[in-house]
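Encoded as structure tokens, the structure appears first; notes follow it.
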2 protein chains.
Amino acid sequence: MVGPEKRRRREKAQRKKAILKAARRLFTEHGFRPVTVESIAKKAELSKGAVYLYFKSKEEIYGQILQSDIESFHREMLQTFQPGRQASKILFDFADAYIDIFLNEREQFRTLMNFMLNAENLKLSRDVRKEIIRETNSTISLLEKILQLGVDSGEFMNIKPHKIYSLRNILWGLLNGIISLHLFVGDELTREERIRSGVREGVEAVIAGLKKNDCLEKS
Amino acid sequence: MVGPEKRRRREKAQRKKAILKAARRLFTEHGFRPVTVESIAKKAELSKGAVYLYFKSKEEIYGQILQSDIESFHREMLQTFQPGRQASKILFDFADAYIDIFLNEREQFRTLMNFMLNAENLKLSRDVRKEIIRETNSTISLLEKILQLGVDSGEFMNIKPHKIYSLRNILWGLLNGIISLHLFVGDELTREERIRSGVREGVEAVIAGLKKNDCLEKS
DNA sequence: TGGATTAAGGTCAGATTCTGACCCGCAGTC
DNA sequence: GACTGCGGGTCAGAATCTGACCTTAATCCA
């Protein structure tokens, strides 16, 4: 790679980055619909036409922001998986991390929630949607790993593979379901506490049926 | 000034700056002739053609470097002029500053000396040459101000305007003449000391004839 | 209801900027 | 004095950017 070519590649990447940065800020502040491509272009110091040299559509811009946010979200969730600990503890860590990221109100999580809540309105391209689903599945499958760990270490009773798969869906649904529920119910001030305790109780309830000890006690 | 336009102006300025920066480094290292326009372009991450969008010729690049160096040189020389002090002291300060800048071996002074020693080979454009001469005259006229200060304060005897003009030329010529002389004579190791003492003695000799006291003593 | 108006996503012809193959004169060589 | 290669400078075409314009859909108002 020679001189001018290298510079042009670098600048091309810079332009794209500038567009994404401008778009993320605007989307975070105003949501998807109200933000015009023109406003993104101006903020990125480009013309509208130039934006379409880097992205096929407004939704592709949104899709790429979504993707990178979900990737970094996934990266953070991965860090909760520390095989040395008890599986039940890891599960609670997982849930706590999920809530923490959400409550931090970081832009990418807001974008993510916005996606989850409005996915069907978004008409994303097949590829972007597929990629987002892949990433999300990757995070969800962390739950499988945690459950398997509990089984292997003897903490949980022996669970058949298809049951593990179903349990991970239950936990994931629980998490999002409880958060979503509490987003629209009650007042803002108690939301954080309601979400935390709600999720904790839900996870406890699921785990209760898995623990060997509990199982033995019950029998 | 709107978004894209502002960015384009900024980037245009950046390109020009990059060319000048690359050129200065190459000229300093190799001199004027051996540096090819192609090599300047490559170092500035542009093509040769692009260089000619910003400069009419290789010599214009050199001319602009020269100009900015001379400007900053002039700025530094201006700082030696502190009207509170004795005129003779200021004169010595002026000479010392001149030598200091030279001996610091800073790139712009090397460029300047190179210009002074090769001016007639350079075929600079009329405008650039005029501007350089204007700047240089501006620095030289500092000497006039210093001399006038000495006359006004009574330190020097009364000198007629045309004599002041002629004295400033003598001092300036002395400065450059002595430095040039010592650049090509003797060994590198003693050069600094030779230049310093040579210039000092020269300035002392000129001032000797101006001082009122000396004059009175002589008479 | 339905025509008018506005607004915003997307398009494209033309402007701007960049590139590198090419031209040409000149210095060095034989 | 013909030959060669080098390097300053040129220019046609490629790459990139711009903003007026097109299209569509939502909203307004008679």
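Residue numbering restarts at 1 for every chain, and letters A, B, ... go by the order of the sequence lines.
- Protein atom CD of B/Glu59 is 10 Å distant from nucleotide atom C1' of D/dG8, rounded to whole Å.
- The side chain of A/Arg9 contributes no N or O atom lying less than 4.0 Å from OP1 or OP2 of D/dA15.
- In terms of the salt bridge (Lys or Arg N to Asp or Glu O under 4.0 Å) criterion, A/Glu135 has no residue partners (sequence neighbours excluded).
- When rounded to the nearest whole Å, the span between CD1 of A/Ile19 and P of C/dG10 equals 13 Å.
- In this structure, B/Glu45 atom CD and D/dA15 atom P are separated by 19 Å, rounded to whole Å.
- One atom, CZ of A/Arg10, and another, P of C/dC18, lie 14 Å apart when rounded to the nearest Å.
- With sequence neighbours left out, the salt bridge (Lys or Arg N to Asp or Glu O under 4.0 Å) criterion links A/Arg8 to no other residue.
- Rounded to whole Å, the distance from CZ on B/Arg7 to C1' on D/dT16 is 10 Å.
- Put simply, CD on A/Glu5 is 11 Å from C1' on C/dT19, counting in whole angstrom units.
- Phosphate proximity of C/dT19 to B/Arg15: absent, as no side-chain N or O sits under 4.0 Å from OP1 or OP2.
- At the heavy-atom level, A/Tyr54 lies under 4.0 Å from the strands shown only through sugar-phosphate atoms.
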Could you please spell out the steps behind the salt bridge (charged side-chain N to carboxylate O under 4.0 Å, His left out) verdict for A/Glu29 and A/Arg25? CA-CA 6 Å; A/Glu29 190 170 355; A/Arg25 294 221 278 168; over 6 Å; no
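- Between the C1' atom of D/dG7 and the CG atom of B/Leu26 lies a distance of 15 Å, rounded to the nearest Å.
- Comparing atom distances between the B/Ala50 side chain and each of C/dT17, C/dC18, D/dT16 picks out C/dC18 as nearest.
- The salt bridge (charged side-chain N to carboxylate O under 4.0 Å, His left out) contacts involving residues 12-23 of chain B comprise A/Glu11-B/Arg15, where partners must be two or more places apart or lie in separate chains.
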Can you check nucleotides 7-9 of chain C for protein contacts, nitrogen or oxygen pairs under 3.5 Å, and list what you find?
{"unit_1": "C/dG9", "atom_1": "OP1", "unit_2": "A/Val35", "atom_2": "O", "d": "3.1"}
{"unit_1": "C/dG9", "atom_1": "OP1", "unit_2": "A/Lys58", "atom_2": "NZ", "d": "2.6"}
{"unit_1": "C/dG9", "atom_1": "OP2", "unit_2": "A/Val37", "atom_2": "N", "d": "2.7"}

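- Side-chain proximity of B/Arg8 to the nucleotides D/dT16, C/dT16, C/dG20 is greatest for C/dT16.
- Among residues two or more places apart in sequence or in another chain, the side chain to side chain donor-acceptor pair (under 3.5 Å) test is passed with B/Glu204 by none.
- In this structure, CG of B/Leu53 is placed 13 Å from P of C/dG20, rounded to the nearest angstrom.
- Scanning for salt bridge (Lys or Arg N to Asp or Glu O under 4.0 Å) contacts around B/Glu192 gives B/Arg196, with sequence neighbours left out.
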Taking only Watson-Crick and G-U wobble pairs with both distances under 3.5 Å, what dot-bracket line describes DNA chain D, where [ ] shows pairs that cross earlier ones and | shows pairs with another strand? ||||||||||||||||||||||||||||||
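- Taking the salt bridge (Lys or Arg N to Asp or Glu O under 4.0 Å) definition, one finds that A/Glu71 meets it with nothing, sequence neighbours left out.
- For the pair B/Lys58 and B/Tyr52, the cation-pi test (distance below 6.0 Å, angle within 45°) is failed.
- In terms of the side chain to side chain donor-acceptor pair (under 3.5 Å) criterion, B/Gln14 has no residue partners (sequence neighbours excluded).
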